[in-house]
Every structure is written in structure tokens, then in C-alpha cells.
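A short write-up of the structure that comes next.
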Amino acid sequence: MAAQHLEILRDLNRNYIRSVEEADVRWFDAHLADDFHNTNPDGTLIDRAAFLAQIGRGSAVKNIREHDVKIRLLGDFAIIHARTTYTKPDGSTGGGRYTDDWQYRPEGWRCVSAHVSRF
């Protein structure tokens, strides 16, 4: 069962990054918990509605790729740590890290919080 959950979480992680890149609000609306919160790279903490609005505006960075993904499955809770690379608006490359927290609920895995940093 753990292997099945890890595969689902790997897929959710890939789609999370894809959905940021493509401003796919519909995907996020289906996979974020109602009580989701996100810490942005500038340190602001936003709720689900503000996050969906932010995603809908599109990201200033492009070609976002995840690397060194580590999924920690802790029963009905999972923490995903990863590194990112991307292209900045000026064409230079950038990088960062993120941590996403997922909880297994009756409707399936839902992201309950995220924290993004850039360097």
C-alpha cells in the first residue's frame, strides 16, 4: 500500500509543478485542501483563495523543473521536499526549494500547505 501512495504522491508532485507552469487553476482547485495555506518566496502567507488567484495570474518564472524530490510518507501525512530550477523573466536561470505537505483524507490526497523559497 505504501508503494501505491508513493506513486500517487510522485504524480501529484509532477502535476503540482506542471500546474504552476501552466497556470492550471482547475488542477489546484481539485487537489488543495479547503484549509490550504502557502508561504510565498517573499515570506507572505496566503490562503487557498489567494493562492488560486495567484496561480491564475501565471508565474513570472518559466521552465520550472523539480529535482532531488524526497517524499516522506508518515501514515496519512506526507512531506515532499525538492529543489527547483527555472528561467527568470530576464532570461537568467534561478533556483529554489519547496516543501509541500499532503494529507490523506476521505476524498484522497490533498495538499494542506506549501512553502516556496528562491535563491
Side-chain angles (χ1 to χ4, degrees):
M1 190 63 151
Q4 180 182 4
H5 284 295
L6 286 171
E7 184 56 38
I8 290 167
L9 288 160
R10 276 191 284 277
D11 185 59
L12 288 166
N13 183 65
R14 281 189 298 271
N15 276 295
Y16 193 112
I17 298 300
R18 178 199 57 77
S19 296
V20 169
E21 176 84 19
E22 298 175 6
D24 187 350
V25 174
R26 175 179 272 165
W27 186 90
F28 280 109
D29 190 43
H31 293 92
L32 298 181
D34 290 340
D35 55 346
F36 173 85
H37 280 79
N38 180 71
T39 301
N40 286 317
D42 66 2
T44 57
L45 179 67
I46 58 174
D47 65 11
R48 185 181 197 279
F51 182 81
L52 292 174
Q54 178 177 287
I55 290 297
R57 290 190 295 274
S59 177
V61 301
K62 302 297 177 207
N63 303 314
I64 306 167
R65 300 294 177 264
E66 72 273 14
H67 309 276
D68 308 325
V69 176
K70 179 177 179 148
I71 301 173
R72 298 168 54 205
L73 185 58
L74 309 165
D76 68 350
F77 194 78
I79 303 169
I80 300 177
H81 303 276
R83 180 176 60 84
T84 57
T85 56
Y86 50 84
T87 305
K88 296 178 184 180
D90 67 4
S92 65
T93 58
R97 294 202 65 81
Y98 65 88
T99 303
D100 295 336
D101 300 317
W102 293 81
Q103 184 179 35
Y104 191 74
R105 296 181 171 186
E107 64 274 17
W109 287 101
R110 294 295 177 263
C111 190
V112 296
S113 69
H115 187 150
V116 180
S117 64
R118 293 186 180 151
F119 45 81

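Here the structure is a predicted model, which is why all the values come from computation and not from measurement. The first residue of the sequence shown is numbered 1, and numbering continues consecutively from there.
One distance of note links CZ of Arg118 with CG of Asn40; it measures 8.5 Å at 0.5 Å rounding. Taking CG of Leu52 as the reference point, atom CG of Leu32 lies at 5.5 Å (rounded to 0.5 Å). Atom NE2 of residue His67 and atom OG1 of residue Thr85 lie 3.0 Å apart, to the nearest 0.5 angstrom. The structure places CG of Asn63 at 4.0 Å from OG1 of Thr87, a figure rounded to the nearest 0.5 Å. Between Thr84 atom OG1 and Asp68 atom CG the span is 10.5 Å, to the nearest 0.5 Å. Going from atom CD of Gln103 over to atom CG of Asp76 covers 5.5 Å, rounded to the nearest 0.5 Å.
Contacts of Tyr86 classified as ring-ring contact (aromatic ring centres under 6.0 Å, His included), with partners at least two apart in sequence or in another chain: none.
Taking every heavy atom of both residues into account, Gly58 and Ala23 meet most closely at CA-CB, 4.1 Å. In terms of heavy-atom proximity, Ala33 sits nearest to Arg105 at CB-NH1, 3.3 Å. In terms of heavy-atom proximity, Ile55 sits nearest to Ser19 at CG2-O, 4.2 Å. Scanning both residues, Ile80 and Leu9, for their nearest heavy atoms gives CD1-O, 4.0 Å. Closest heavy-atom contact between Ala2 and Leu73: O-CD2, 3.8 Å. Nearest approach of Ile46 to Gln54, heavy atoms of both residues: CD1-OE1, 3.4 Å.
Between His5 and the choices Tyr104, Trp102, Phe77, the ring-ring contact (aromatic ring centres under 6.0 Å, His included) rule is met once, by Tyr104.
Hydrophobic clustering (ILVMFWY, side-chain heavy atoms < 4.5 Å, transitive): Val112 and Phe51 are in distinct clusters. Residues Ile71 and Ile17 are members of one and the same hydrophobic cluster, defined by side-chain heavy-atom contacts under 4.5 angstrom among Ile, Leu, Val, Met, Phe, Trp and Tyr. Cluster annotation: Leu45 is not connected to Val116 through the hydrophobic network of ILVMFWY side chains, with a link wherever side-chain heavy atoms come within less than 4.5 Å. At a threshold of 4.5 Å between side-chain heavy atoms, the hydrophobic network of Ile, Leu, Val, Met, Phe, Trp and Tyr places Trp109 and Leu74 in two separate groups.
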Steps toward side chain to side chain contact (heavy atoms under 4.5 Å, CB included) verdict (Gln4, Glu7): CA-CA 5 Å; Gln4 180 182 4; Glu7 184 56 38; 5.9 Å; no
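For Ser92 (side chain) and Lys88 (main-chain N/O), no donor-acceptor pair under 3.5 Å exists by modelled atom type. Side chain of Arg97 to backbone of His81: no donor-acceptor contact under 3.5 angstrom is found.
By the 4.0 Å N-to-carboxylate-O rule, Asp29 lies too far from Arg26 to be salt-bridged with it. Using a 4.0 Å cut-off between a side-chain N of Lys or Arg and a carboxylate O of Asp or Glu, Glu21 and Arg18 do not qualify as a salt bridge.
Side-chain contact check for Val69 versus Arg10: every heavy-atom pair is 4.5 Å or farther apart.
Side-chain contact of Asn13 with Tyr98: a donor-acceptor pair under 3.5 Å is present, judged by distance alone.
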